[in-house]
Amino acid sequence: MNNPDNKKWSSRLSNELYGVNEWGADYFSISDSGEICALPMVDGARKELSLLKLVEDLRERGTDMPVLLRFEDILEEQIGRLNQAFNHAITSMDYKGQYRGVFPIKVNQQCHVIEEIAKVGAKYGHGLEAGSKAELLIALSHIESEESCIVCNGYKDEEFIDLGLHACKMGYKCFFVVETPAELSIIIERSQILGIQPLIGARVKLASIVSGHWNATSGDRSIFGLSIAQLVEMVDALKAVDMLDCLKLLHFHLGSQIPNIRDIRGGVIEACHVYMDLVEEGAPMGYLDLGGGLAVDYDGSKTSQIHSRNYTLDEYCTDVVDVIMSTLDPEGIPHPTIVTESGRATIAYSSVLLFNVLDVAKFEPGPLPETIPETEHKLIHDLQEALVSAQTKNLQECYNDAVFYRDEVRELFKRGQVSLRTRSIAENLFLKIMHRIIKLADKSQRVPPEIENLKGQLADIYYCNFSLFQSLPDIWAIDQIFPIAPIHRLNEKPTRETIIADITCDCDGKIDSFSNMHETRSTLPLHELKEGEEYYIGAFLVGAYQETLGDLHNLFGDPNVASIRVNTDGSYDFADEIEGDQIADVLSYVEYSPQTMKERFRKLAEKAVRKGHISASERQKIMKAFSDSLSGYTYYEKE
Ligand SMILES: *Cc1c(COP(=O)(O)O)cnc(C)c1O
């Protein structure tokens with residue numbers, strides 16, 4: 001706290017820097033004491049939970065970093081917000097249909113999450129969407145209310161269809177959404193054999209194309225769904241077996257994370273016209289399923305950029321209801337039940353990944369001699385000259401010179417013409433010049449692009465205790481941006497520009513793209529580490545898609561998970577604690593047998609004893625270390 005900058009720094013400035021209030025959606029904010037807090041709503045009042053305190057609490061219980069926190073209250077509130085927003089739009093516009101959301105299981109299949117969604121969803125009739133047999137089994141065993149829908153997308157075989165038909169008979173609202181013409185004949189056949197009336201939906205490919213990351217699901221060439229021509233064939237096929245009365249639902253899915261509300265409106269209008277014509281054809285219909293796509297504002301910019309959205313939840317609901325009414329009303333078509341399959345927007349907010357920093361690499365000049373000896377190589381004097389002459393008006397020239405001289409020294413070194421020590425002085429001088437240039441560039445208005453990039457190139461690397469591939473795979477796979485910020489010390493000025501590296505030692509295992517409201521930046525400001533004190537960082541809004549996509553890169557397994565439920569008095573319980581993978585677990589995922597490995601190692605140790613390399617009691621100790629490691633956490637553990 002003796003940094004003079006801190007007098008001028010405050011939580012408010014940290015808030016501007018990391019945008020917590022912008023992306024936090026009232027679920028996260030920075031406290032006056034400089035800590036990021038979760039703000040779950042409990043019995044109508046927001047409670048303030050410091051994430052740092054949670055970490056300390058977990059560590060006391062033996063739960064180590066990295067840890068994924070799940071806030072059950074936030075998930076519950078988010079499902080409430082979605083349903084209330086639709087219900088509000090429906091009531092205020094006098095829409096005659098209802099809203100029935102379904103949560104797509106693929107977005108987060110974790111048992112605890114689905115249990116929670118099913119429980120909270122029951123009071124809104126919020127159901128589940130299943131894309132496979134396994135997911136249908138999950139849905140069937142969790143749905144509690146007969147009001148809730150189960151929507152079955154994806155390819156369906158006979159077994160899948162039989163299961164769904166039995167569910168219909170039991171009273172579930174279980175829809176088969178037909179994705180391909182082939183599927184329809186199995187549905188018809190099985191329902192005739194079993195004598196059960198199916199609830200049939202049709203997934204249609206719309207011509208409307210949306211912008212954003214995941215737009216491959218829209219347009220003529222999208223992989224899933226029926227073309228308009230195939231849809232007409234489907235109607236005819238159903239008519240032919242006198243089953244058109246089973247066609248009740250129209251489904252479309254434009255893609256995930258749709259940033260622009262105009263695209264959503266466009267899709268709904270097109271779908272409404274399909275819907276109307278299906279009614280004209282004589283299908284009873286009654287349900288219009290808009291799929292997913294409701295976006296999360298990951299960068300807090302509230303714009304139509306890919307990591308954001310240019311609409312609020314209320315606008316989304318109002319627009320959907322408005323478009324449906326204004327398209328169907330002139331034709332006198334009754335208002336359908338509106339179904340949406342929002343996954344991302346439902347679950348993203350409730351999870352936070354927390355990790356600690358293990359080490360830092362800085363790109364700063366080491367110590368230099370007080371004065372450069374006359375006898376030193378001429379290039380060293382040239383570098384020294386470049387350092388002294390650097391000014392705001394000659395930044396580019398100075399940069400060019402420094403790079404040239406340094407490269408010359410490196411060349412000469414390769415030819416054995418300068419010594420290791422001379423090269424070391426050159427490298428240090430070079431770094432010193434670069435840092436001076438960055439400082440000068442901060443003060444000047446127009447900065448050449450090469451120098452703009454220098455900041456990123458000289459940024460510290462903060463080595464952090466997590467695996468990107470396991471816990472934040474979308475950063476690697478699709479350049480997704482998540483809000484990332486330290487969870488404490490936010491009333492101190494962060495003085496380091498950094499990039500984040502995970503512990504997989506893979507050059508892809510890094511984060512060097514951060515949200516900064518209206519632009520992305522290549523470095524993240526963080527605090528200088530303090531001797532003997534942990535530094536904790538949070539990656540936020542990570543509840544959607546990250547957990548199950550993760551792979552075992554370098555055999556780092558699932559992190560520890562803690563679910564938090566807050567009580568009325570502000571105290572909290574760890575409703576669920578799931579220990580992350582042990583090393584033995586991840587080894588068995590790739591078909592090793594930890595028992596056999598132990599046995600092999602034991603034999604090798606025995607041989608070493610026989611040869612006299614180690615003593616019998618040393619063997620005992622080594623074997624114990626081997627066994628302990630097998631049952632240890634795959635991440636870096638503190639002693
Ligand atoms: C992935 C998917 C969803 C979920 O989309 P979000 O954008 O996460 O809401 C919904 N429906 C279908 C058919 C999907 O494939």
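Start at 1 and go down the list; that is how both ligands and their atoms are numbered. Worth saying up front: this structure is predicted, and the values here are computed from it rather than measured.
- V204 has its side chain within reach of L250: a pair of non-hydrogen atoms, C-beta onward, lies under 4.5 Å apart.
- In this structure, A544 has no heavy atom closer than 4.0 Å to ligand 1.
- Contact annotation for H253 and ligand 1: only side-chain heavy atoms (C-beta onward) come within less than 4.0 Å of the ligand.
- Of all the listed residues (Q257, E129, K106), K106 holds the heavy atom that lies closest to atom 14 (C) of ligand 1.
- Here P104 has side-chain heavy atoms under 4.0 Å from ligand 1, and that is the only part of it that gets that close.
- Screening E341, E183, E179 for a salt bridge (charged side-chain N to carboxylate O under 4.0 Å, His left out) with R203, the sole residue that qualifies is E179.
- Proximity annotation for atom 4 (C) of ligand 1: of F103, Y545, F252, Y545 comes nearest, heavy atoms only.
- Shown in contact with R344 at under 4.0 Å from a heavy atom are these atoms of ligand 1, numbered in order with element: 6 (P), 8 (O), 9 (O).
- By the 4.5 Å heavy-atom criterion applied to side chains, Y316 and T340 are counted as neighbours.
- By the criterion of a heavy-atom distance under 4.0 Å, the side chain of R203, and not its backbone, is placed next to ligand 1.
- Using a 4.0 Å cut-off between heavy atoms, F224 makes no contact with ligand 1 at all.
- The main-chain N or O of D558 is found under 3.5 Å from a side-chain atom of D581 such that the two form a donor-acceptor pair.
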(message) Using the rule given for ring pair (Phe, Tyr, Trp, His ring centres under 6.0 Å), can you reason through Y298 versus F482, listing the C-alpha separation, both sets of side-chain angles and the distance that settles it, and then say yes or no?
(response) CA-CA 6 Å; Y298 289 102; F482 293 102; 5.5 Å; yes
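- Ring pair F28/W23 is tilted by interplanar angle, where 30° to 60° counts as tilted.
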